[in-house]
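Take a look at the structure set out below.
Residue numbers count from 1 along this sequence. Just so it is clear, the values below take in all heavy atoms, side chains as well, and ignore hydrogens, waters and symmetry mates. Whatever order the structure lists them in is the order used to number ligands and atoms, beginning at 1.
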Amino acid sequence: MEILKTINEVRAKIKQWKREGLIVGFVPTMGYLHEGHASLMERARKECDRVVASIFVNPMQFGVNEDLDSYPRDLDADSKLCDSIGVDVIFHPEVSEMYDGGFCSYVDMNGLTKELCGKSRPIHFRGVCTVVCKLFNIVTPDKAYFGQKDAQQLAVIRRMVKDLNMDIEIVGCPIIREADGLAKSSRNTYLNEQERKAALILSRTIRLGEDMVKSGETDAQKIISAMKENIASEPLAKTDYVDIVDLDTIEKTDTIKGSVLVAIAVFIGKTRLIDNFIYKKD
Ligand code: PAF
């Protein structure tokens, strides 16, 4: 496995692989990798001839009061994990390699970015779309792998690829959870012991919503209210949002029909965590 830091090195490597007719899989990450990322890389390893993972904490997707500076980083551990899975190349650029002094072009999106995380993190998806577009242009993968835990991000990337005619297959992969149900996230590391216990309110609330939907409840407001009430029962938790949206358009829906995304964001102390489930009604 090689760790490449420059765009030119990645391009040269990819050119060589493409000349040999190899299928390239790509897993974009911000590092501090966990089993969720591992599942994406393992899937890419199975489905592609070569696998590239990027590790880049993208400043453009963090708001001013967010955790850019404290975002956890551990390149040694990340490299070991990637190597054990059989990743061929890690792309680990400096910020200056991705954004030079004169940088002023962005990929912005209307619609899908207005609800859920887009409401409380207004510049987040512009940063995500811009960096993912840049990474796609650098790596030119055949397939790219994203986790369903960031379900809005997955929908946004699918839309961007469609709208901008990018010839890349986007593969969505299931949420990976701890044994007690907490969805894996690099941000779980911010939680102290008490907060870690309190964070179980997210997966419990998701299960509550899922049970209501599966037992036939179709009134979105009823489900949202019950889920909010459940979060309020945990003293360390503060709801950012509980919403039910169409899975593809990320528009709010009053009734459970078609494919819906039930998504929550909850502050546990200062740490903001997200979780969700997808329900497909025929
Ligand atoms: O999901 C993430 O880790 C990031 O948003 C991504 C897709 C790597 C872009 O920085």
Side-chain angles (χ1 to χ4, degrees), residues 4 7 10 25-41 43-44 51-63 66-75 77-78 81-82 87 89-99 103 106-109 112-113 116-118 120-139 141 143-161 164 166 168-176 183-190 250 261 263 265 271-276:
L4 304 180
I7 293 166
V10 175
F26 179 43
V27 182
T29 82
M30 297 207 299
Y32 213 72
L33 305 176
H34 49 67
E35 287 89 335
H37 299 109
S39 72
L40 307 181
M41 298 190 288
R43 175 105 181 249
V51 178
V52 178
S54 61
I55 296 180
F56 178 62
V57 181
N58 173 38
M60 199 187 284
Q61 68 190 72
F62 289 79
E66 293 183 355
D67 55 343
L68 172 61
D69 293 336
S70 56
Y71 198 84
R73 293 158 169 89
D74 189 345
L75 185 61
D78 289 351
L81 181 68
C82 290
V87 167
V89 162
I90 293 178
F91 177 41
H92 180 52
E94 295 294 334
V95 172
S96 56
E97 178 73 4
M98 292 297 282
Y99 303 112
F103 186 89
Y106 302 88
V107 180
D108 213 344
M109 186 180 286
L112 275 78
T113 61
L116 309 181
C117 292
S120 39
R121 307 185 71 191
I123 59 127
H124 175 67
F125 286 112
R126 180 168 95 147
V128 169
C129 287
T130 302
V131 81
V132 171
C133 178
K134 282 167 70 63
L135 289 166
F136 282 176
N137 283 336
I138 295 163
V139 178
K143 292 172 168 229
Y145 297 79
F146 293 85
Q148 190 214 296
K149 188 179 140 271
D150 294 299
Q152 186 177 17
Q153 170 172 279
L154 179 56
V156 162
I157 300 294
R158 284 193 199 283
R159 188 74 237 182
M160 176 183 79
V161 163
L164 302 183
M166 297 170 165
I168 299 169
E169 184 189 334
I170 301 300
V171 183
C173 303
I175 298 178
I176 305 294
K184 300 257 182 192
S185 163
S186 307
R187 289 188 169 100
N188 291 349
T189 184
Y190 297 150
I250 315 290
L261 168 66
T271 306
R272 185 178 173 280
L273 299 174
I274 57 175
D275 203 344
N276 68 72

| If you take all heavy atoms of Cys173 and Tyr145, which pair is closest and at what distance? |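 What the structure gives for the nearest pair is SG-CD2, 4.2 Å.
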| At what distance is the nearest protein heavy atom to atom 3 (O) of ligand 1, and which residue and atom is it? |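 I find the closest protein heavy atom is Met30 CG, 3.6 Å.
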| How far is atom 9 (C) of ligand 1 from its nearest protein heavy atom, and which residue and atom name does that atom have? |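 Atom 9 (C) of ligand 1 sits closest to the protein heavy atom Gln61 OE1, 3.3 Å.
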| Going by the atom numbers of ligand 1, which of them fall below 4.0 Å from some non-hydrogen atom of Thr29? |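 Counting from 1, the qualifying ligand atoms are 8 (C).
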| Interfacing atoms of ligand 1 (cut-off 4.0 Å, heavy-atom, Val131) |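 Within the 4.0 Å cut-off of Val131, ligand 1 contributes 9 (C), 10 (O).
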| query | Between Tyr99 and Asn58, do the side chains contain an N or O donor and an N or O acceptor separated by less than 3.5 Å? | reply |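 Yes, Asn58 and Tyr99 have a side-chain donor paired with an acceptor closer than 3.5 Å.
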| query | Among Lys149, Gln148, Gln152, whose side chain to side chain donor-acceptor pair (under 3.5 Å) with Asn276 holds? | reply |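 Among Lys149, Gln148, Gln152, the one that satisfies the side chain to side chain donor-acceptor pair (under 3.5 Å) with Asn276 is Gln148.
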| message | Does only the side chain of Ile157 get under 4.0 Å from ligand 1, or the backbone, or both, or neither? Count heavy atoms. | response |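 Contact part for Ile157 vs ligand 1: neither.
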| query | Within a strict 4.5 Å, meaning less than it, do heavy atoms of the Phe103 and Lys134 side chains meet? | reply |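 Contact flag for Phe103/Lys134 side chains = yes.
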| field | Test of proximity, Gln153 against ligand 1: N or O pairs below 3.5 Å | value |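 There is such a contact, yes.
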| query | Can you list the steps and then say if Leu116 with Leu261 is a side chain to side chain contact (heavy atoms under 4.5 Å, CB included)? | reply | CA-CA 10 Å; Leu116 309 181; Leu261 168 66; 3.9 Å; yes
